Structures are given as structure tokens and as C-alpha cells.
Protein chains: 2
Amino acid sequence: MSLREKKKIETKNKIFEVSGRLFKDKGFENTTVDEITKKAGIAKGTFFNYFPTKEALLLYFGEKKEELVYDLIENETMKNIPTKEKIKNILICLADSCENDKELTKLLILEHTKCMQHSCLGPDECKNSLYRLNKLVYALLEEGVGNKDVKSSIDVKMVADIITGIHLYSLIVWLKSDGEISFSNSISEKIDMLFEGIGV
Amino acid sequence: MSLREKKKIETKNKIFEVSGRLFKDKGFENTTVDEITKKAGIAKGTFFNYFPTKEALLLYFGEKKEELVYDLIENETMKNIPTKEKIKNILICLADSCENDKELTKLLILEHTKCMQHSCLGPDECKNSLYRLNKLVYALLEEGVGNKDVKSSIDVKMVADIITGIHLYSLIVWLKSDGEISFSNSISEKIDMLFEGIGV
DNA sequence: GGTCAACTATGACTATAGTCATAGTTTGGT
DNA sequence: ACCAAACTATGACTATAGTCATAGTTGACC
């Protein structure tokens, strides 16, 4: 690795590390880029060489976190269990991950909602976690239809959207609540309902 | 009405009117508060006497729009039709309203997501359209359970959340799409699925 | 119609994200 | 070792949302 590459990684890590501490201490909104760069010992402009906006740094935190959770999720997808259980387990993994850092989750869901709109990014570049979840659920449902685990008459894309929506709104409700609600429980029950249907 | 009250209303309307034109012309982000106040013939500080933030003005646009759509929705709720149809019609009303001003919808959904998180506002003050929809759907479902239109075994709150989630994510997908998708169609089909269930 | 309290308007000021021309550093080729 | 090109850092500068002390206006009461 060249000197240049080493320095780049070092600087990026320094920003990541310093801002992580600051965000934890004072919150994202109350931390200025000036402050981050001062503590990291770099010039303000340098920050923007690494992250195009302050929000991009937030998304980077999100990516790091997602790497971890998707390792777990990958495991789940391998298991030989009914589709419903598989989807539930995955959503529970995600929920647990959200539950262990509510503040970050709160900030990220806003960024992801923002992201989803600026359709600038195609399917693959888009690091958006909602989008990623949606694709994964889609794949599992297709598998489920193949296994006769899920009605073959359904529009798989549509159901994937329903499930993503359930995840998103449950997340929002949980964020709004002051900790009385368990995100993972509530989502699990909702998936049961979707599979059973609510009509008489 | 006192002179003071008249002037206040006049000024607020002036801001509303001028900013409406500017937002249409150049978009929300590209319109500055400075510009709005100059065209409205008031000082910058005055703007913030009427709207605490630039985003609050956006929410005001949202409220005005919502007043209109909720008139239609109220009509629907009166009708003597199956619960499923009622909920579908309401969601279609909302979708139509969104479809007739995509840009505003895009901006509002972000603000509403933001709003939902800052749990500062209680159920009643909160003008948030997601929250409002959620409450309405909840009421209709209860009615539906009473009418034996909906399984009595369901947790009504949970199903209301599912439906709100379906609405929200469908909205996001529609916003992301470049007009190929009909928001109202897609949501209607999703409600059918939820009533029927997707399990074999 | 004078006076004071309550309300409202004002615009200079602050805070902060993000830009950009310039200066400095690293690299690969000779 | 030297040079040019490519890359990276820098911090003064800009743009803009939002604040706040001050000045101006309105209304109610005498």
C-alpha cells in the first residue's frame, strides 16, 4: 500500500473515531464540522474531501453498522426453515441492531428516507438499508413461492414492499415511543398477521 | 376583527402566496427566506414571527392541502360499505392527493418522518399526516371488527400500523419511481393482499 | 386624547455547512 | 536525483437559516 493510500485511510479513520466520540457526547446536530476537524487535527476543507456532506458521515456510520448486522442476516438466510420464520428472523436481527443504538437509528432513518427519494442512485450503488432489505425480502419470497411456502398467486414485489413498509413504520413508531415498546416483538407479530390475513 | 389581527392574517397570506409561487418556480431548496421576504415586502425577521423555521412553512402548505383531502375522506368514512373498501378508498383519496403534487409530497414526507420522531407533540396537537391516517384507520378497523368485517382476533392497533406502513412505503416507492407507477393502484392491491393473507 | 403595556417589525448579527483557488505532497517515469 | 502530473490539504470565503436587541405600532383604560 502506497504512502498516499495509508494516509487517506488514517485520516478517514481519524475523522470517524473523533466524530463518533463527539456524536455520542453531544449528539449529531450539536457537533459541528469545525469541531470534528479541530479535534482530528485537520483543516475543515479536508473533511469534505472524505465526506461530501456532514450527513454522508452519518451514512458511513450506518454502513459500518449494517456490515455487522448483515453478517448475522446472511446466516439466517442459509437456514432451512419456513419462509415466514426466515423473514421474521431477519427483521428481528435488524430490529435488534436498531435497538442497540436508538439515536443513530433515528438519524439514519431520516437520511435513508431522503436517499430513497433522490433516485439518483441505481439499485446497486444505493447503500440504502430500506432498499437492501426490500431486495432481500423479495428474494426470500421468491424462494418461498418456489417452496410452496407462500401463495403462488401473490405479486412478490408487492409483498416485499408491504413487508418493507411494515418494517419502516414499526421503526418509526418504536422511535417515537419512549422505550415501552419492543421493536422486534411488534414486528414479529405483524408478519404473522400478514401471512394469515386479516379478513374474515 | 382588530386591525392587528387583520394585518397578521394579511402578512401570513402574503408569505404563503409569494412562497408558493417561488417554490413552484425554483423549488423549495433553491428559494431562500431572504427572497421570500423581499418579494413579500417584509423584513427577514418578520418571516420567523410567522413560521419558526423554513420547514414550518412547508408544513403549513401540507396542512392546507390536507384540509382539502380530509373533506373527501370524511365523506368516504360515512358510506355504508365494507371496511376493506372503505380503507382502500381512503388510501386512494390520499394517494390521488399526493399524485397531484409530487414535489410537495416529496418534501412533506421527509418533514413528517422527522416530526414523528420528535415525540414532543402529543396525539392531538400533532398535525402529522401519517399519525392522522393511522388514527383514522384504527377507528375504521374497530368499526370493522364490530361489523364482523374484520377478524375479531386481530390487534387493531397493530393492523393500523401495518396499513400506515404500507401507505408510507408505497409513497416512497412511488416518489422514487419516475411516474411509471400509479400510487393509488399499487396501494389498493396491497390492501387486498393484507386482507387475504399471503400464507398457503 | 394621553399613556402605558402588549404586541409586532426590523435588519444587523451569529452560527455553520459547504466551496474553491492556492499551496503542498506523492508518485512514476527518465 | 529530478520533473511533471496527479493527488490532497488548506483556510479564507460564501451562502443562508435563524436570533435578538431595539424601534415602532396597536389597543385598552383613564
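The basis for the numbers below is simple: all heavy atoms, side chains too, and nothing from hydrogens, waters or symmetry mates. Quantities reported herein were computed from a predicted structural model and do not represent experimental measurements. Chain identifiers are assigned alphabetically (A, B, ...) following the order of the sequence lines, protein sequences preceding nucleic acid strands; residue numbering begins at 1 within each chain.
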Do you see a donor-acceptor pair shorter than 3.5 Å between the side chains of B:E5 and B:S2?
yes
Are OP1 or OP2 of D:dA9 and a side-chain N or O of A:Y50 less than 4.0 angstrom apart?
yes
Please report the distance, rounded to the nearest Å, between NZ in B:K12 and C1' in C:dT8.
15 Å
Winner on side-chain proximity to B:T53, out of D:dG18, D:dA9, D:dG27, is D:dG18
Just to confirm, is there a sub-4.0 Å distance from OP1 or OP2 of D:dT10 to any side-chain nitrogen or oxygen of A:T46?
yes
Write down the distance between CE (B:M1) and P (D:dT26), rounded to a whole number of angstrom.
16 Å
Between D:dG18, D:dT25, D:dT8, which one does the side chain of A:K8 approach most closely?
D:dT8
Ignoring hydrogens and angles, answer whether the base of C:dT27 and the side-chain atoms of A:R4 contain a donor-acceptor pair closer than 3.5 Å.
no
Nucleotide C:dT8, atom P - distance to CD1 of B:I9 in whole Å:
12 Å
Atom NZ of A:K54 and atom P of C:dT16: how far apart are they, to the nearest Å?
9 Å
Taking the ring of B:Y60 and the ring of B:Y50, is the distance between their centroids below 6.0 Å?
no
Please state whether the rings of B:F23 and B:F28 are parallel, tilted or perpendicular, taking 30° and 60° as the class boundaries.
perpendicular
Given C:dT16, is OP1 or OP2 found less than 4.0 Å from the side-chain N or O atoms of A:T32?
no
Considering heavy-atom distances to DNA chain D, does B:E5 or A:F47 have its closest nucleotide positioned more toward the 5' end?
A:F47
For C:dT8, take OP1 and OP2 only and decide whether either is under 4.0 Å from a side-chain N or O of B:N49.
no
Roughly how many Å is it from NZ in B:K26 to P in D:dA15, rounded to a whole number?
13 Å
Around A:K24, counting heavy atoms of other residues, nucleotides and ligands shown, do more than 12 lie under 6.0 Å from its NZ?
no
Atom pair distance, as rounded to whole Å: CG in A:D34 and C1' in C:dT19:
14 Å
Upstream residue (5' side of DNA chain C) when A:P52 and A:N30 are each assigned their closest nucleotide:
A:N30
Length of the CZ-P vector between A:F51 and D:dT8, whole Å
14 Å
OP1, OP2 of D:dT26 versus side-chain N and O of B:K7: anything below 4.0 Å?
yes
Contacts of B:E29 and B:L3 projected onto DNA chain D by closest heavy atom; the upstream (5') one is B:E29
Do B:K44 and D:dG18 share a donor-acceptor pair, side chain to base, under 3.5 Å?
yes
Ion pair present between A:E85 and A:K79, side-chain N to carboxylate O less than 4.0 angstrom?
no
Gap between atoms CZ and P, on A:F48 and D:dT14 respectively (whole Å)
17 Å
